[in-house]
Amino acid sequence: MMRFMLLFSRQGKLRLQKWYTATAERDKKKMVRELMQVVLARKPKMSSFLEWRDLKIVYKRYASLYFCCAVEEQDNELITLEVIHRFVELLDKYFGSVCELDIIFNFEKAYFILDEFLIGGEIQDTSKKSVLKAIEQADLLQEVHTHTHHREKK
Amino acid sequence: MPAVSKGDGMRGLAVFISDIRNCKSKEAEIKRINKELANIRSKFKGDKALDGYSKKKYVCKLLFIFLLGHDIDFGHMEAVNLLSSNKYTEKQIGYLFISVLVNSNSELIRLINNAIKNDLSSRNPTFMCLALHCIANVGSREMAEAFAGEIPRILVAGDTMDSVKQSAALCLLRLYKASPDLVLMGEWTSRVVHLLNDQHMGVVTAAISLITCLSSKNPDEFKTCVSLAVSRLSRIVSSASTDLQDYTYYFVPAPWLSCKLLRLLQCYPPPEDGAVKGRLVECLETILNKAQEPPKSKKVQHSNAKNAILFEAISLIIHYDSEPNLLVRACNQLGQFLQHRETNLRYLALESMCTLASSEFSHEAVKTHIETVINALKTERDVSVRQRAADLLYAMCDRSNAKQIVAEMLSYLETADYSIREEMVLKVAILAEKYAVDYSWYVDTILNLIRIAGDYVSEEVWYRVIQIVINRDDVQGYAAKTVFEALQAPACHENMVKVGGYILGEFGNLIAGDPRSSPLVQFNLLHSKFHLCSVPTRALLLSAYIKFINLFPETKATIQEVLRSDSQIRNSDVELQQRAVEYLKLSSIASTDVLATVLEEMPPFPERESSILAKLKKKKGPGAVSVELEDGKERGECVNFNPKPQRTSTPSPSADLLGLRSTAPASGATPSAGSLLVDVFSEAGPSATSAGVNDDGFLRFVCKNNGVLFENQLLQIGIKSEYRQNLGRMYLFYGNKTSVQFVSFNTTLNVQTKTVEPLVEGGAQVQQVINIECLTDFIDAPLLNIKFRYGGALQNISLKLPVTINKFFQPTEMAAADFFQRWKQLSQPQQEAQKIFKASHGMDTEVLKAKLLGLGTALLENVDPNPENYVCAGVIQTKAQQVGCLLRLEPNAQAQMYRLTLRSSKDTVSQRVCDLLAEQF
């Protein structure tokens with residue numbers, strides 16, 4: 001099971017954090033700081049995996065953003081790497097070639113997409129279509145509501 | 001501003017985020033945030049009721065501020081209000097806020113649960129999913145109390161939409177993990193297993209995580225999942241890459257589900273049903289075959305997904321540890337990866353090989369890659385890969401390659417990264433001790449270790465070398481000579497001074513004959529380091545000095561002079577001052593006899609587990625031990641076993657070192673400290689050390705029933721047994737000699753299997769009772785196979801259970817005439833077995849008699865005309881038949897030889913008893 005996922009920039013700015021076990025805020029901050037330092041210090045040709053505390057860290061860099069997952073001892077590193085990739089594909093499909101700014105300005109959307117993909121640190125569905133359908137359905141509802149909302153205002 | 005803003009962009013939010021991004025300093029950011037917080041607060045407190053949209057916008061802003069790392073102490077109520085909105089986006093933001101910022105305010109929880117309850121019963125699948133996500137995100141006990149009953153119903157209800165099922169499965173998983181006591185098993189559990197057959201791949205993918213977790217906790221209840229999982233896996237593995245449409249990922253059919261299925265199967269032993277097992281082996285072979293096929297795409301996603309399945313399959317093969325073919329194929333596959341250009345694959349191959357090294361089937365195959373692994377240790381640019389290589393070397397080490405591996409690790413240590421040095425030192429120290437054939441090599445290795453990486457040599461390591469030197473007199477002279485030489489170096493590490501001081505203080509006399517290391521030279525050498533050392537080392541040196549006075553009276557004046565100097569006798573450190581004063585006094589008033597008694601050589605340390613391993617375990621916490629009982633190959637139905645576990649407990653042995661301090665950890669169950677060092681060891685235990693079946697104990701039990709069958713540093717196995725007619729009962733006592741709990745303790749037998757208590761506390765003993773019935777005569781003894789994990793290292797011990805045919809003897813008394821009559825009746829050549837052999841012990845009459853009685857026969861006096869000879873008679877009781885048996889033992893004291901003759905009505909019995917008994921004299 002995935003314990004948490006972090007998205008941060010090369011400059012060490014945290015862009016998204018998702019915790020799948022109850023963790024105190026103070027510990028979260030400490031772990032994020034420590035882990036960002038470790039990952040940012042690594043060179044491009046190095047492996048995408050490392051051991052950190054009692055967890056396995058799987059990370060990958062996409063443009064300016066690092067996607068970093070902490071999984072447990074028995075979890076599969078390579079498939080976790082592809083969990084990251086599938087999440088990036090979902091973001092990409094939703095935002096249309098996603099960039100860091102999309103995630104900054106639409107952070108709530110990024111969280112919604114992640115929730116449709118992973119629950120409690122486990123994969124809910126791996127089909128891109130299913131996940132995006134769930135999101136788009138929501139957007140559709142949203143647009144209808146917005147529409148009526150604006151109409152009401154007029 | 002973002003290029004895309006889908007749905008209803010909240011303009012106010014976007015502006016605020018832009019503002020924050022434009023802040024030039026941290027102060028400016030805080031100022032802007034405080035302004036916004038004040039604004040939101042006034043809006044929330046204002047008289048004018050806010051519409052849903054504004055509420056949503058402000059709640060979202062608060063969330064953004066929180067995620068930036070600032071504290072938020074209001075807005076919860078507004079978020080909760082949003083939950084009951086019937087507008088999806090408002091509800092969604094409300095749930096997101098609650099998920100991220102839960103507050104244990106009980107009033108709030110009640111309101112939140114209420115809203116969730118409404119959404120769960122709304123029958124609107126999108127609302128239901130939102131509510132389920134929220135429960136899964138929060139996962140608190142309060143939520144489990146409120147919903148643990150409801151969610152299983154949603155999960156298995158016939159009319160639940162697929163998407164809701166998926167969310168419900170994972171939501172339930174989260175609650176089960178957080179509060180297993182609140183999720184009650186019930187009728188739903190059997191239906192959950194059948195979700196593995198669901199048509200919707202998404203449902204299977206989500207459900208399997210739940211099933212895997214439930215299975216690992218309640219294997220029996222869920223064991224039907226094995227055949228379902230195998231058939232699902234088989235369908236996926238054999239499908240073409242396009243069959244599964246959207247569940248095909250870069251030409252790989254359903255990689256996530258495949259991995260999960262393989263993981264689920266690792267909760268169970270290999271399937272018992274032959275057809276299921278055959279199908280599974282076919283799947284595993286197909287996966288291994290596919291690894292050899294050319295890739296269908298050059299994309300890394302393709303190879304990652306494919307290899308993810310491959311590694312998971314290899315994990316399963318290692319887990320089963322029963323298919324030599326597959327194990328060796330797995331090993332070859334990993335061998336290819338060791339030289340792959342992808343760093344990730346090299347990393348994983350090294351990691352996976354570590355576990356493969358501990359299987360007896362593949363240990364040898366892993367060893368063939370030693371040169372590649374050594375090369376990786378030298379040339380990999382990534383420290384985490386080098387670390388894996390070091391782990392693997394450690395795991396593949398055995399007696400045959402220990403010298404090479406230890407040498408390579410030592411040379412790597414000179415340039416190793418600081419982060420892994422201490423752990424490397426421990427590994428080298430453990431291997432050197434474990435595989436030392438001659439202890440001079442061990443001493444050399446440890447002293448090298450101190451020379452190369454003295455700072456990383458912990459107390460345990462140098463304590464241990466002293467323990468070993470003190471306990472082995474064959475190495476003491478060598479050790480004294482070697483430390484003496486090592487101390488000649490102009491700059492030597494303080495740990496070297498400690499070891500040197502201790503060893504010369506004890507054994508300096510062994511090299512004092514050589515004028516180059518005369519007592520005074522030794523003393524001057526030690527004392528030249530004195531002023532550079534810390535207080536504890538100085539204290540140790542002072543003790544060495546007083547020992548010198550005892551060993552070499554000629555050094556007395558010089559040493560007394562030193563002790564008397566102000567820097568000693570008036571030292572500001574109390575300990576040093578006290579030692580100087582007391583030693584000075586002792587040396588001047590005590591007679592040589594008294595001095596010799598007080599300063600006698602240290603007695604040997606009690607044999608016990610290595611202090612280094614103790615250190616490892618102290619950090620590591622419980623290791624796992626499993627014991628397996630296996631019957632002898634041809635024993636068949638000859639002996640039936642019926643084990644009954646019981647347990648008793650004895651206090652843990654202390655583990656003090658050198659008397660310098662007491663380090664006995666009160667409880668072995670120390671939680672893992674989580675340090676890198678510990679993790680590494682959990683990955684790479686030392687290799688399994690199964691050097692065939694251990695026979696030593698077995699033969700000692702032919703003529704006796706009780707005693708210690710086996711003992712090593714970790715485990716002691718004691719035996720008590722009693723036999724009557726063709727029945728016997730054996731009590732096995734598994735004593736945990738360490739201070740750490742062993743878990744997963746289990747035993748299996750051929751027919752009836754019953755597990756032993758799965759936990760053995762540090763210092764405790766588990767008892768197992770085996771009921772034995774001898775059905776017919778037999779040769780091969782049942783094999784007792786003990787596997788356990790110790791400090792992450794898989795240990796493998798095979799022992800023959802000392803159940804021998806003679807245990808079922810009933811003694812028969814008879815007169816001389818009877819004896820000779822029967823002797824003649826058994827005159828066919830195959831009824832007799834004879835051996836002439838040299839005595840390997842003394843030929844003491846009483847001992848011989850005791851042994852013959854221990855054999856179980858009656859010892860007949862005044863039968864043989866030659867009083868030097870022994871004759872015995874007995875009947876072996878088996879269920880099938882009784883076998884009369886006569887014995888004659890003729891010692892020849894002059895030649896130190898025996899002739900042993902056995903006659904019985906069954907040829908196999910004569911031969912077997914003769915063979916067994918011939919080993920006893």
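Note on naming: letters A, B, ... go to the chains in the order of the sequence lines (proteins, then strands), and numbering restarts at 1 for each one.
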Check whether any side-chain heavy atom of [X] lies under 4.5 Å from a side-chain heavy atom of [Y], and answer yes or no.
| X | Y | value |
| --- | --- | --- |
| A/Ile123 | B/Ser209 | no |
| A/Phe105 | B/Ser18 | yes |
| B/Val300 | A/Lys60 | yes |
| B/Trp256 | A/Arg86 | yes |

Please flag which part of [X] lies under 4.5 Å from any non-hydrogen atom of chain A: side chain, backbone, both or neither.
| X | result |
| --- | --- |
| B/Leu257 | neither |
| B/Leu348 | side chain |
| B/Arg346 | neither |
| B/Ser99 | neither |
| B/Cys259 | side chain |
| B/Leu67 | both |
| B/Thr205 | both |
| B/Phe97 | neither |
| B/Leu13 | side chain |
| B/Tyr95 | neither |

How long is the gap from [atom1] on [X] to [atom2] on [Y], to the nearest 0.5 Å?
| X | Y | atom1 | atom2 | answer |
| --- | --- | --- | --- | --- |
| A/Glu108 | B/Gln92 | CD | CD | 8.0 Å |
| B/Phe311 | A/Leu78 | CZ | CG | 6.0 Å |
| B/Leu96 | A/Lys109 | CG | NZ | 10.5 Å |
| B/Asp382 | A/Ser48 | CG | OG | 9.5 Å |

What part of [X] gets closer than 4.5 Å to chain B, counting heavy atoms only: side chain, backbone, both or neither?
| X | result |
| --- | --- |
| A/Leu81 | side chain |
| A/Glu89 | side chain |
| A/Glu122 | both |
| A/Ile104 | both |
| A/Val32 | neither |
| A/Phe49 | both |

Q. What heavy-atom pair brings A/Ser47 and B/Thr343 nearest, and what distance separates the two atoms?
A. N-CG2, 3.6 Å

Q: Over all heavy atoms of both residues, which pair between B/Ala136 and A/Ile119 is shortest? Give the atoms and the distance, please.
A: CB-CG2, 3.3 Å

Looking at [options], which has the largest count of heavy-atom pairs under 4.5 Å with chain A?
| options | value |
| --- | --- |
| B/Lys260, B/Glu380, B/Glu312 | B/Glu312 |
| B/His133, B/Glu342, B/Arg21, B/Arg174 | B/His133 |
| B/Ser167, B/Ala305, B/Ser163 | B/Ser167 |
| B/Cys60, B/Gly139, B/Cys213 | B/Cys60 |

Picking from [options], which has the most non-hydrogen pairs under 4.5 angstrom with chain B?
| options | result |
| --- | --- |
| A/Lys133, A/Met46, A/Lys29, A/Gln124 | A/Gln124 |
| A/Glu25, A/Gln74, A/Lys45, A/Lys28 | A/Gln74 |
| A/Asp75, A/Leu14, A/Thr21, A/Val83 | A/Val83 |
| A/Asp115, A/Leu50, A/Leu118 | A/Asp115 |

**Q.** Verdict with reasoning, A/Arg42 to B/Ser384, per side-chain hydrogen bond (donor to acceptor under 3.5 Å, both in side chains)
**A.** CA-CA 10 Å; A/Arg42 290 177 62 86; B/Ser384 46; 3.2 Å; yes

(Q) Can you tell me if A/Lys13 has over 12 outside heavy atoms packed within less than 6.0 Å of its NZ? (A) no

Q) Considering residues, nucleotides and ligands other than A/Asp27, do more than 12 of their heavy atoms fall under 6.0 Å from its CG? A) yes

Q: Could you tell me whether the side chain of B/Asp246 and the main chain of A/Lys129 form a donor-acceptor pair under 3.5 Å?
A: yes

Q | Test item: B/Arg381 side-chain N/O and A/Lys43 main-chain N/O as donor-acceptor pair under 3.5 Å | A | no

Q | Side-chain donor-acceptor contact under 3.5 Å, B/Gln166 with A/Asp125 | A | yes

Q. Once the angle between the rings of A/His85 and B/Tyr249 is folded into 0 to 90°, is it parallel (under 30°), tilted (30 to 60°) or perpendicular (over 60°)?
A. perpendicular

